[in-house]
Amino acid sequence: MSQDGASQFQEVIRQELELSVKKELEKILITAPSHEFEHTKKDLDGFRKLFHRFLQEKGPSVDWGKIQRPPEDSIQPYEKIKARGLPDNISSVLNKLVVVKLNGGLGTSMGCKGPKSLIGVRNENTFLDLTVQQIEHLNKTYNTDVPLVLMNSFNTDEDTKKILQKYSHCRVKIYTFNQSRYPRINKESLLPVAKDVSYSGENTEAWYPPGHGDIYASFYNSGLLDTFIGEGKEYIFVSNIDNLGATVDLYILNHLMNPPNGKPCEFVMEVTNKTRADVKGGTLTQYEGKLRLVEIAQVPKAHVDEFKSVSKFKIFNTNNLWISLAAVKRLQEQNAIDMEIIVNPKTLDGGLNVIQLETAVGAAIKSFENSLGINVPRSRFLPVKTTSDLLLVMSNLYSLNAGSLTMSEKREFPTVPLVKLGSSFTKVQDYLRRFESIPDMLELDHLTVSGDVTFGKNVSLKGTVIIIANHGDRIDIPPGAVLENKIVSGNLRILDH
């Protein structure tokens with residue numbers, strides 16, 4: 001078959017597939033109750049657009065030859081932004097801000113049921129508690145009215161709303177909206193696995209929230225975007241609710257509201273320097289004359305090692321983003337927000353292989369005018385993805401003040417220790433059971449723990465500590481033990497110290 005013939009054949013197949021998917025979605029839509037009909041229709045229309053693009057675009061979505069380092073002035077050092085100081089009218093600047101937290105994730109990777117934001121991280125405070133405390137502190141200090149908006153998913157919405165009642169006396173207005181609900185598709189047939197709109201029973205796994213890139217459409221569709229523009233708000237600060245370093249930064253906000261060259265910036269991405277732990281993080285590049293976020297999934301296989309190189313790509317995206325509300329409205333209405341599709345393969349409980357199509361919020365940077373990267377201190381990136389991260393934020397490495405964590409002044413160097421806890425610590429309840437109290441980690445550089453290990457009260461860890469209990473063995477670190485540059489292995493029920 002000639003090249004032309006082959007591509008015509010593929011086009012026919014593609015059109016037939018789109019038609020089949022359209023029919024399946026129509027069948028699903030008919031099952032929606034009347035009060036959910038419009039909402040479901042918007043979701044399924046959004047999915048159809050994404051699916052159409054998925055069929056059009058094949059292979060990694062970047063041409064490696066076109067990737068260039070960003071121009072010097074397109075990524076500004078935070079120190080330069082901070083050196084401008086703050087204006088006298090910081091309150092009026094703050095009143096133009098809305099804080100949006102991405103709250104769609106479940107705590108399943110840490111063995112918890114329900115929204116991840118409700119996991120206790122510090123002195124019984126959850127991620128959500130700390131976020132509310134931070135914004136309340138801001139509102140009280142500057143006599144402002146910065147609202148908090150939670151982007152929930154259908155997985156987290158109900159549980160989150162129940163909890164929100166406890167903040168009714170706080171000085172923070174809290175709003176929620178839901179990201180879309182898209183159908184997972186069978187990897188072989190590429191047809192939706194859902195048969196109706198319900199997500200209970202056999203349909204439980206048929207639906208998914210399509211990544212945080214969905215924020216633009218969902219925020220717009222919820223009506224909140226227009227509400228805030230009507231109230232005179234100008235920027236949203238978007239971040240992951242599990243990033244405890246993502247607090248409102250007055251210097252960045254001032255830079256946006258009072259641009260030094262008078263030219264407003266529609267999109268700021270906070271980036272920070274890569275360490276060996278961050279080699280997979282998305283990086284900012286110059287591509288076809290625009291700033292562009294490149295994720296590891298988009299990189300052709302032959303160039304993955306180059307992408308991971310800390311010397312070539314020195315920074316990565318923290319997913320702390322500052323975005324102009326007016327620009328979101330304009331681009332959304334022009335259907336001009338362009339984000340690469342992330343194809344995420346999953347296996348359902350019954351063994352069925354499916355794919356879900358997702359997008360990432362930062363990928364839209366190239367659609368905005370006069371975008372900017374700001375290279376911020378590492379302290380603004382403090383995500384808690386695992387119990388190893390949880391151990392760091394619970395420890396005396398950090399002190400807590402008005403919902404914000406700051407590195408202890410007693411720590412001699414500002415880097416965070418590298419902590420690797422083994423599979424016995426994966427679930428939060430198992431992890432908590434294994435520590436009678438959180439060890440002193442002020443002088444720790446590296447901790448690796450593997451196997452059945454428990455820690456008594458007031459243990460001190462310094463330098464490099466490696467504790468390995470082999471299969472069938474158990475190690476109990478006794479109360480008050482000081483471990484400095486030590487390897488502990490075997491079967492130790494009592495350790496001399």
Run the side-chain contact (heavy atoms from CB on, under 4.5 Å) test on K366 and Y287 for me, step by step, so that the C-alpha distance in whole Å, both residues' side-chain angles and the decisive distance to 0.1 Å come before the verdict. CA-CA 9 Å; K366 61 181 182 292; Y287 193 90; over 6 Å; no
Under the criterion salt bridge (Lys or Arg N to Asp or Glu O under 4.0 Å), I'd like the reasoning laid out for K82 against E79: C-alpha separation, chi angles, the key distance, then a yes or no. CA-CA 5 Å; K82 191 172 180 178; E79 288 65 38; over 6 Å; no
Chi angles and distances behind the salt bridge (Lys or Arg N to Asp or Glu O under 4.0 Å) call for R292, E340: CA-CA 11 Å; R292 174 154 174 173; E340 290 73 36; 3.1 Å; yes
Evaluation steps, salt bridge (Lys or Arg N to Asp or Glu O under 4.0 Å), between K116 and D242: CA-CA 8 Å; K116 186 173 180 186; D242 64 10; 2.8 Å; yes
Could you walk me through whether F51 and Y182 pass the ring-ring contact (aromatic ring centres under 6.0 Å, His included) check? CA-CA 10 Å; F51 186 74; Y182 284 2; over 10 Å; no
Would you please test V384 and M110 for side-chain contact (heavy atoms from CB on, under 4.5 Å) and show each step? CA-CA 10 Å; V384 180; M110 292 163 77; 4.2 Å; yes
side-chain contact (heavy atoms from CB on, under 4.5 Å) between Y208 and E358, worked out: CA-CA 9 Å; Y208 71 99; E358 302 174 9; 4.2 Å; yes
Just do the ring-ring contact (aromatic ring centres under 6.0 Å, His included) check on W322 and Y235 with the steps written out, would you? CA-CA 7 Å; W322 304 74; Y235 279 91; 8.1 Å; no
Evaluate T275 against R378 for side-chain contact (heavy atoms from CB on, under 4.5 Å), listing each step before the verdict. CA-CA 10 Å; T275 65; R378 180 75 186 198; 3.9 Å; yes
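Contact annotation: the side chain of V99 never approaches that of V238 to less than 4.5 Å [non-hydrogen atoms, C-beta and beyond]. Contact annotation: the side chain of L421 approaches that of V419 to within less than 4.5 Å [non-hydrogen atoms, C-beta and beyond]. Using a 4.5 Å cut-off on side-chain heavy atoms (C-beta onward), F47 and I185 make contact. Y216 is not listed as a side-chain neighbour of L331, based on a closest heavy-atom distance of 4.5 Å or more. Side chains of Y142 and L250 form a contact here, defined as non-hydrogen atoms less than 4.5 Å apart. Taking 4.5 Å as the limit, some side-chain heavy atom of S218 sits within range of a side-chain heavy atom of F177. With contacts defined as side-chain heavy-atom distances shorter than 4.5 Å, the pair L94/V248 qualifies. No side-chain heavy atom of R380 sits less than 4.5 Å from a side-chain heavy atom of T318.
The structure places NE2 of H255 at 5.5 Å from CD1 of I374, a figure rounded to the nearest 0.5 Å. T160 OG1 to I241 CD1: the interatomic distance, rounded to the nearest 0.5 Å, is 8.0 Å. Remark: L148 CG to E136 CD distance equals 11.5 Å, nearest 0.5 Å. How far CG of L390 is from NZ of K385: 13.0 Å, rounded to the nearest 0.5 Å. T359 contributes atom OG1, which lies 4.0 Å from atom CE of M339 (distance to the nearest 0.5 angstrom). Atom CG of residue D43 and atom CZ of residue F154 lie 10.0 Å apart, to the nearest 0.5 angstrom.
Taking the ring centre of F307 as origin, the terminal cationic atom of K274 falls inside the region bounded by 6.0 Å and 45° from the ring axis.
Of all heavy-atom pairs spanning C265 and N370, the tightest one is SG-O, 3.0 Å. Between T272 and V376 the shortest heavy-atom distance is OG1-O, 2.8 Å. Nearest heavy atoms, L86 versus I90: CD2-CD1, 4.0 Å. For the pair G463 and N485, the tightest heavy-atom approach, listed with the atom from each and the gap, is CA-OD1, 3.3 Å. What you find for S371 and I365 is that their closest heavy atoms are OG-O, 3.1 Å. Scanning all heavy atoms of the two residues, the minimum distance from N396 to S408 falls at O-CB, 3.5 Å.
Side-chain N/O atoms of Q332 and Q334 include no donor and acceptor closer than 3.5 Å. No hydrogens or angles considered: nothing links the side chains of S239 and N243 as a donor-acceptor pair under 3.5 Å. When only modelled atom types and interatomic distance are considered, N353 and T347 share a side-chain donor-acceptor pair under 3.5 Å. T144 and N139 are linked by a side-chain donor-acceptor pair at a separation below 3.5 angstrom, with hydrogens and angles left out of the test. Of the N and O atoms on the side chains of D145 and N95, not one donor lies less than 3.5 Å from an acceptor on the other residue. In the model, Q134 has no side-chain atom that pairs as donor or acceptor with a side-chain atom of H137 under 3.5 Å. Y220 and E333 share a side-chain donor-acceptor pair at under 3.5 Å. For the residue pair Y78 / D249, a side-chain donor-acceptor distance below 3.5 Å is found, with atom types taken as modelled. Using a 3.5 Å distance cut-off with no hydrogens or angles, the side chains of N401 and S404 do not pair a donor with an acceptor. Q133 and N125 share a donor-acceptor pair across their side chains, judged by distance under 3.5 Å alone. Between the side chains of D214 and Q179, not a single donor N or O lies within less than 3.5 Å of an accepting N or O.
Test V98, L225, L224 against I236 for side-chain contact (heavy atoms from CB on, under 4.5 Å) and you get one pass: V98.
Judged purely by atom type and a 3.5 angstrom limit, S222 uses its side chain to pair as donor or acceptor with the backbone of F219. Put simply, the side chain of T156 never gets that close to the backbone of N152: no donor and acceptor are under 3.5 Å apart. Without hydrogens or angle criteria, N375 side chain to E270 main chain gives no donor-acceptor distance under 3.5 Å. At distances below 3.5 Å, not a single donor-acceptor pair connects side-chain atoms of D157 with backbone N or O atoms of S153. Side-chain atoms of T448 do not come within 3.5 Å of backbone N or O of K420 as any donor-acceptor pair. Although no hydrogens or angles enter the test, the distance criterion places no donor-acceptor pair under 3.5 Å between the side chain of Q15 and the main chain of V12.
Annotation for K290: atom NZ counts as buried by contact number, over 12 foreign heavy atoms lying within 6.0 Å. Crowding of E409 atom CD: a count of heavy atoms from other residues, nucleotides or ligands under 6.0 Å not exceeding 12.
We find that R184 and E205 are not joined by a salt bridge, their nearest charged nitrogen and carboxylate oxygen being 4.0 Å or further apart. Ion pair E266/R330 flagged as a salt bridge, since at least one NZ, NE, NH1 or NH2 atom sits closer than 4.0 Å to an Asp/Glu carboxylate oxygen. Salt-bridge formation is detected for the pair K41/D45: a Lys NZ or Arg NE/NH1/NH2 atom is positioned less than 4.0 Å from an Asp or Glu carboxylate oxygen.
Ring geometry for W64 against F313 counts as perpendicular: the plane angle is over 60°, on a 0 to 90° scale with 30° as the lower cut. Between F425 and Y431, the ring planes are perpendicular. Angles over 60° get that label, and only those under 30° would be called parallel.
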